[in-house]
Amino acid sequence: MTADIQHAPATRSYRDYAQPAWRRLLFTREAAIIALLAIVYVVAAVSVRNFAAPITITYLLLDVATILLIALPMTLIIITGEIDLSVASVVGLSSVTLGTLHQAGMPIEAAGAVAILVGAVAGAVNGFFITVVGLPSLAVTIGTLALFRGLAVGLLGTTAVTDFTEFWTDLAKSKIPGTPIPSVMVLFVVLAIVFAVLLHLTPFGRGVYAIGLASEAARFSGVRVERTKFILFVLSGAVSALAGIYYTLRFGSARGDNATGLELSVIAAVLLGGVSIFGGRGNILGVIAGVLLIGILGSALRLANVTSDVINIITGALLVASVVSTSVLAWIHRKRIGAGIKKGPPAPAQD
Amino acid sequence: SDGGDGGSGGGDGGNLAITFLPKNLGNPYFDTSDAGGKAAIEEFGGTYAEVGPTEAAPDAQVSFINTLTQQGVGGIVVSANDPEAICDALNEARDNGIKVVTFDSDTNADCRDLFINQATADGIAKVEVDEIAKQIGNAGQIAILSASANATNQNAWIETMKTYLASDYPDIELVDVVYGDDDDQTSFDKTAALLQTYPELKGIISPTTVGIAAAARYLSTSAFKGKVALTGLGTPNQMRDYVEDGTVTSFALWNPGDLGYLAAYAAKALIEGDITGAEGDTFDAGKLGSYTVGADGAVLLGDPYVFDKDNIGDFDF
Amino acid sequence: MSDTPEQTDAPAPAVLELSRIAKAFGAVVALTNGTLRLERGSIHALVGENGAGKSTLVKIVAGLYQRDAGEFTLDGASVDFTSTAQAKDAGIAVIYQEPTLFPDLSVTENIFMGRQPRGALGVIDRRAMKAEALALFERLGVRIDPDRPTLGLSIADQQILEIAKAISLDAKVLIMDEPTAALSGVEVERLFAVARGLRDEGRAILFISHRFDEVFALCDTVTVMRDGAYISTSPISDTTVPEIVRQMVGRDVTTLFPKTEVPIGDVVLEVRGLTQPGVFSDVSFVARSGEIVALAGLVGAGRSEIARAVFGVDPYASGTVTVDGRPIAKRSPSAAMVAGIALVPEDRRQQGLVLDSSVARNATLAIRRTLARLGLITNAAENGSARIWASRLEVKTAALDTEVGTLSGGNQQKVVLAKWLATDPKVLFVDEPTRGIDVGTKAEVHRLLSELAGQGLAIVMISSELPEVLGMADRVLVVHEGRITADIPRAEATAESVMFAATHAEGEAA
Amino acid sequence: MTRVGHLLKARETGILLALVIVVAATTIKNPAFLFSTDGWRDLLLTPAILMLVAVGQAIVIITRSVDLSVGSVVGLSAYLTGRTFIDLPGLPWPTVFLIGLVFGGLLGLVNGALVAFAKVPALVITLGTLYIYRGINVMWTGSDRINASDMPKEFLALGTSSLLGIPYLTIIAVVVLVAAGWYMYTQRAGRELYAIGSDPAAAHLYGLKVTQRVLAAFVVCGALAGLAGVLYAARYGTVNSQAGSGWELDAVGAAVIGGVAIFGGSGTVWGAAIGAYLLLTINRALPVIGVQDFWQRAVVGVLILGAIVLDRVLAVRQSRRLTEARNS
Ligand SMILES: Nc1ncnc2c1ncn2[C@@H]1O[C@H](COP(=O)(O)OP(=O)(O)OP(=O)(O)O)[C@@H](O)[C@H]1O
Ligand SMILES: Nc1ncnc2c1ncn2[C@@H]1O[C@H](COP(=O)(O)OP(=O)(O)OP(=O)(O)O)[C@@H](O)[C@H]1O
Ligand SMILES: [Mg+2]
Ligand SMILES: [Mg+2]
């Protein structure tokens with residue numbers, strides 16, 4: 001009668017995870033994308049002439065480096081449930097900044113630093129409208145997509161700046177000595193580690209996920225929602241500007257229309273990599289696999305003389321298939337469990 | 001995987017697999033020029049292929065050039081979207097023994113072996129300015145509807161036109177240069193905007209085939225039909241209706257089919273080692289006869305041809 | 001009440017009958033033996049602990065979930081609903097535990113969505129619709145602008161709207177899953193009057209609530225569930241609260257409000273002249289170490305707003321908040337947290353929890369910075385901390401990576417508490433801490449609050465349940481229309497004195 | 001309360017006012033912008049096609065989805081129109097409208113089915129179909145193109161001529177707009193689209209036919225984009241494989257400028273239509289006002305931002321009124 005609730009039930013024990021590790025790691029979108037990446041690579045290496053050559057890796061990585069870089073902050077932004085459509089325009093703006101300043105006599109190092117600063121400011125403009133004014137990011141960045149591109153094109157007009165210091169343009173295309181891997185990958189790997197740690201191993205990253213899943217609850221738990229988003233947009237601007245510098249140096253040409261339309265490729269790759277457009281889900285590894293998958297497919301198909309329209313169709317189909325298959329698999333999973341219950345023992349009798 | 005090995009049939013052992021890389025696919029001008037190239041390649045028994053991006057973006061051609069390098073074709077014939085952006089890719093291709101010929105739109109001279117020039121900038125600028133001057137009576141406002149803001153050849157021509165206008169036609173005022181991005185709809189809307197912005201406008205020069213067709217189409221249904229003159233570079237098939245209904249009096253162009261044809265023969269000559277691209281080299285170009293390489297590795301096709309009501313019926317491209 | 005068609009002892013014809021319903025969600029078995037019999041002209045209570053499966057049973061009746069096994073008959077005929085529309089057409093109206101309102105649409109449209117009155121060409125007759133809405137509000141004795149969007153309605157008004165919606169369906173079976181959780185006494189009384197009217201018209205009503213006073217005041221019959229299974233059904237007159245509680249919990253529960261006397265220490269929190277025009281004005285109070293201060297008042301009085309402003313989620317125009325004499329920056333929950341304030345918010349699903357995230361992540365969200373070593377945080381650290389708090393609060397979950405959204409309401413509330421207790425706060429605001437929580441857990445929450453006060457925590461408790469306020473508080477602050485109108489010490493706090501201050505502005509406090 | 005009703009309408013009124021100001025300012029600078037035959041015609045005509053797409057887009061956005069594939073649908077349908085004239089020369093030209101509508105509707109159905117049945121986010125699906133449809137278009141068109149001479153004169157005349165000073169294409173677009181606006185406001189199904197966008201989970205609990213309605217919204221959006229493709233062919237006379245590319249962002253932009261909330265549940269097709277007119281009229285007005293070609297895009301960006309900020313200010317004001325109304 002007087003039993004205190006406190007002592008009545010035995011102290012519970014809790015498992016850390018409901019499922020064994022291999023199940024948790026293997027049955028994920030990311031694992032599927034990585035597996036697909038491996039399969040496509042092997043199939044292409046076997047069946048497409050010239051694909052297995054090391055030069056393929058070089059070209060491939062040079063091509064996707066811009067997308068890889070921009071995809072890093074984009075992943076975090078999409079995980080918070082926002083989106084940044086202005087990234088490609090920031091690439092253009094950064095390219096033009098670098099070009100005009102260099103033309104005016106500034107060394108590349110300094111001009112590059114200013115370009116990154118301009119990118120960060122562009123990101124801060126997005127961040128301001130989204131977090132301070134409180135506007136939806138999709139709408140804001142459709143606006144700044146036009147604004148930043150307009151500034152880039154307006155600043156440089158018909159001209160293109162091409163006379164960059166050879167040291168830098170060569171560096172942008174150089175390879176790590178003794179490997180087919182472009183040097184720019186060093187920059188990427190460093191940034192990828194930084195972003196992966198930031199997202200997966202820091203309190204900031206925990207906040208990012210919480211914001212994406214339930215921003216109000218995150219705010220009530222002391223997550224600085226606005227500040228977090230603001231920081232992410234600034235990072236996105238800065239990294240896009242960095243990608244813009246690489247892009248400019250790689251092609252040796254600073255133009256206002258550089259990288260037009262790249263935003264959709266970046267977003268497609270991030271989504272293919274398993275990041276949920278609704279926020280709260282996804283990881284860096286999956287995104288990298290997603291970018292590489294699109295890159296490898298494109299490279300293999302081009303080598304096999306498949307035209308670019310077919311490559312586009314395949315990319316689109318892959319994107320659709322990747323999300324549809326997850327939802328179909330979940331549905332099958334539910335069905336199976338449902339059937340299992342029905343076949344199970346009858347409900348125990350009432351007491 | 002058939003691009004790399006098929007083309008060693010003709011000549012003396014050179015790899016005659018020649019691939020055309022236009023600014024973008026689905027552009028009728030390049031369809032015609034590449035068809036000329038195809039005809040030439042079939043004549044001399046090489047392997048023709050055409051690849052390209054769907055949109056004329058500066059960097060889009062690079063991955064195609066890279067792919068061709070990996071496939072080890074014999075020659076690339078390319079119209080550059082950007083004089084600089086594809087340079088390194090082309091040089092890498094050349095390092096791998098591929099001969100590079102540019103046509104229609106050049107890159108920097110050190111990134112290719114030869115440039116097949118459709119006409120000199122002077123020639124083109126002069127024809128267009130003379131035509132418009134004739135039609136508007138040597139005085140009044142004119143505007144230019146160009147391709148994209150960074151288009152190398154258009155920009156060069158426009159510069160020459162400005163100089164020529166200033167020296168020879170002081171009464172003609174060039175009020176604006178607008179860019180239709182070689183996109184139908186944009187060019188169309190820009191034409192409309194021009195006409196409203198400058199009510200006194202007497203004529204439009206559009207030195208691009210997409211632009212002139214769109215402008216003609218807008219003019220033909222507007223109140224300005226017959227009042228505002230239009231000339232520029234166009235293909236006869238696209239312009240036929242407008243010449244016949246009086247919207248356009250005359251326009252100019254070289255024969256793009258011949259341009260591709262010549263480029264293909266130039267590539268063959270390079271591949272087979274007949275020429276190196278040095279000034280003074282001479283090579284044979286099938287039905288077009290013999291050509292000589294000029295300064296900076298440029299080969300000139302000829303003078304632009306002016307089409308009007310009387311002669312347009314003779315052409316089909 | 002005397003004209004109830006049938007005698008309770010003669011078996012009345014069942015409108016709706018469920019027997020041995022089973023339902024599982026993946027590995028979670030929600031129902032093993034759902035059994036229920038609703039009769040015409042009767043109000044039937046369904047009680048059970050959090051997670052007993054009440055809402056799941058309701059959702060099966062509503063056609064939202066499909067049962068895995070068992071029988072479901074309506075008017076004697078077996079039915080298999082595959083959508084909520086079918087259940088609606090069959091005459092079943094449901095008020096879900098979660099609100100189902102469309103925030104962008106007007107109050108009227110919310111009530112009549114999908115069945116608006118129509119004129120020629122199928123054009124919606126907005127005038128007729130508005131008139132019907134006004135008539136409904138008249139019947140419920142409430143005043144809500146029928147043209148305003150539902151966005152920004154208080155939780156109480158939202159609940160009233162749900163009730164209006166269900167009543168307007170004119171259904172033969174009306175199911176209400178905890179409809180009174182957000183309502184004040186007056187509104188509850190009106191709801192009861194309407195419910196009795198419907199019963200007297202011969203309709204069957206199922207009423208789910210954790211408040212026994214309501215169950216005994218309103219219902220004719222009560223069914224108890226435990227762990228997804230049916231336990232008993234009895235006429236309300238044949239049973240008692242302790243009996244029901246024993247059946248629900250499976251054992252006896254003694255004290256509901258185990259208030260222990262603890263020495264009250266120094267002032268920890270001091271709020272001075274807090275004002276936000278239109279919401280609250282000139283709010284001043286203190287909370288001392290070891291003290292439980294209750295903020296009482298009618299729903300909509302602005303108590304939650306005060307708590308949110310103090311915690312920094314909401315803005316305030318003027319005033320100061322100090323903890324241990326140090327002022328705290330406005331509009332910054334993280335500053336408030338660092339200063340030692342914690343807030344268990346009233347809206348658990350929106351504000352309290354990241355429903356799609358795991359128990360461990362939720363329980364450590366507020367302390368993620370302190371858990372980090374060299375700026376890095378690991379799953380192991382999170383699980384370690386979460387395990388401690390989950391077992392201290394007896395959270396019912398198998399694994400720490402279970403999504404919190406799949407736990408029952410009470411267990412969710414425990415996770416919220418765990419999250420805030422882990423921050424080791426000096427002042428704990430709890431806003432409706434036992435709303436929608438079963439007796440067992442409720443007693444546990446109360447015991448916990450007492451224990452925390454005993455450890456020197458200052459607790460500010462917002463509650464709309466008078467017994468809870470009277471039973472737990474050392475001091476009762478009454479809020480009326482955004483102002484504190486009375487400060488009543490425990491000894492003088494009675495139902496009458498608190499209610500008087502809550503309804504009369506002139507009872508100005510010293 | 002009618003005050004609230006007025007405020008709600010203010011979202012469209014504000015944007016309409018902006019449009020009037022742009023037209024007035026430009027006309028003062030250059031009367032031909034409004035008072036010449038061509039000026040008047042282009043003012044009404046140029047945005048009409050985008051308006052159709054924006055109306056469809058608005059309907060989809062109201063249900064809390066988005067359709068990024070509209071540009072590709074416009075392109076495919078425009079090319080199909082040309083091909084129909086070439087391959088079926090005997091066909092009476094008005095039937096191409098039907099063909100365009102049905103064809104666009106089918107493409108919309110594919111989007112809708114994937115979104116509604118597979119329950120996957122519309123942005124991802126339609127980003128995928130944006131690539132797929134455009135790829136099919138390029139593959140099908142190749143380097144072919146439809147020229148004005150391939151299409152009947154009567155059909156092309158539709159693209160430029162007017163009835164009582166109002167271009168035919170504008171009339172078609174306005175008829176569609178009025179029908180859509182009427183349906184969305186007065187029909188149960190229309191209101192349900194708002195409910196679904198406002199809170200999909202609640203709509204499901206409530207028993208609305210969410211799947212069916214979302215599917216229908218995509219079909220309508222596709223059909224309108226298909227119709228826009230037919231009008232594109234009539235207006236521009238030439239169709240290549242890139243027709244309509246990039247329109248998706250214009251259409252979403254127009255809807256957003258017009259006050260359609262990107263997260264569904266509020267806004268009207270009227271607003272989206274005005275948004276389309278504002279967007280394209282600004283484009284045309286800038287050169288007249290003397291803004292150099294290169295800077296125009298920047299100005300458009302600033303205006304989009306201005307429009308959504310304005311919308312936000314109005315919304316905040318409205319919610320403040322609501323709070324006051326409740327407290328009084
Ligand atoms: N959609 C779902 N997915 C997984 N598990 C669920 C789901 N809905 C309910 N459950 C689980 O089923 C059990 C019964 O939950 P239910 O909501 O029916 O309880 P309840 O009796 O209504 O509790 P409360 O009084 O807290 O509302 C719980 O253990 C809950 O976690
Ligand atoms: N979402 C909201 N938007 C705008 N104003 C609100 C909102 N919620 C509440 N208010 C305002 O704040 C006042 C207090 O509302 P609320 O119902 O939250 O009070 P409360 O005292 O916290 O009641 P309880 O906690 O018992 O539900 C209301 O009178 C209302 O004017
Ligand atoms: Mg429940
Ligand atoms: Mg409250």
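In what follows, chains are A, B, ... by sequence order, proteins preceding strands, each numbered from 1.
Judged by a 6.0 Å distance limit and a 45° cone about the ring axis, C:R126 is positioned over the six-membered ring of D:Y185.
Looking at D:S266, its side chain never comes within 3.5 Å of a backbone N or O of C:D104 through a donor-acceptor pair. In this structure, D:R188 contributes its side chain and C:Q116 its backbone to a donor-acceptor pair below 3.5 Å.
With sequence neighbours excluded, the residues that form a side chain to side chain donor-acceptor pair (under 3.5 Å) with C:S168 are C:R115.
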What's the verdict on side chain to side chain contact (heavy atoms under 4.5 Å, CB included) for D:Q187 and C:I124, showing C-alpha distance, side-chain angles and the deciding distance?
CA-CA 6 Å; D:Q187 296 296 298; C:I124 294 170; 5.9 Å; no
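Within residues 205-212 of chain D, the residues having any heavy atom under 4.5 Å from a heavy atom of chain C are, by residue number, D:L205, D:Y206, D:G207, D:L208.
Residues D:A195 and C:M113 come closest through the heavy atom pair CB-CE, 3.7 Å.
When each of D:A202, D:S198, D:A261 is checked for heavy-atom pairs under 4.5 Å with chain C, D:S198 comes out on top.
For C:N110, the part lying under 4.5 angstrom from a heavy atom of chain D is the backbone only. Contacts of D:A203 with chain C are made by both backbone and side-chain atoms, with heavy-atom separations under 4.5 Å. For chain D, the nearby parts of C:L121 are the backbone and the side chain; heavy atoms of each come within less than 4.5 Å.
Taking CG of C:L151 as the start and CG of D:D199 as the end, the distance is 11.5 Å to the nearest 0.5 Å. Atom OG1 of C:T84 sits about 6.5 Å away from atom NE2 of D:H204, to the nearest 0.5 Å.
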